[in-house]
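Written below as structure tokens is the structure these notes are about.
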Amino acid sequence: MTAITLNGTPHAVPEDTTIVDLVAEAISRPLGPDGRPLDGGRLGMAVAVDAIVLPRSRWYRTPVVEGQSIEIITAVQGG
């Protein structure tokens, strides 16, 4: 298992987990290699790894590494 901090809370994921796997787990929806939901819906999310925003195009090939701090941010409308 790989220990990380996810949205400020300690979290463990299986080895070989990628960012797209982590996001899919967090939202309970399958994602394709491009980070888009396989159900065709919208995602409205961003991911920051160690305080650096990671483009969705890189989620699939970015492994989750021991000790990382990962924030999954959901876009919200309103004012």
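Worth knowing before you read on, the calculation uses all heavy atoms, side chains too, and leaves out hydrogens, waters and symmetry mates.
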Report summary line: In this structure, CZ of Arg36 is separated from CG of Leu31 (nearest 0.5 Å) by 11.0 Å
Query raised in the report: Where is the tightest heavy-atom contact between Asp39 and Arg29, given as atom of each residue plus distance?
Result: OD1-NH2, 2.9 Å
Query - Option passing side-chain contact (heavy atoms from CB on, under 4.5 Å) with Val20 (candidates Leu22, Val23, Thr18) - result: Thr18
Query - Spatial distance of atom CD1 (Ile72) from atom CG (Leu6) [nearest 0.5 Å] - result: 5.0 Å
Under 3.5 Å, which donor-acceptor pairs do the side chains of residues 44-62 form with other protein atoms, sequence neighbours left out?
from  : atom 1 : to    : atom 2 : distance (Å)
Asp50 : OD1    : Ser69 : N      : 2.8
Trp59 : NE1    : Leu54 : O      : 3.1
Thr62 : OG1    : Arg58 : O      : 2.6

**Report entry** Within residues 10-27 or reaching into it, pairs that qualify as salt bridge (charged side-chain N to carboxylate O under 4.0 Å, His left out) - sequence neighbours excluded
**Finding:** none
Report task. Among Ile, Leu, Val, Met, Phe, Trp and Tyr joined by side-chain contacts under 4.5 Å, find the other residues sharing a cluster with Val65 and list them by chain and number. Result -> none
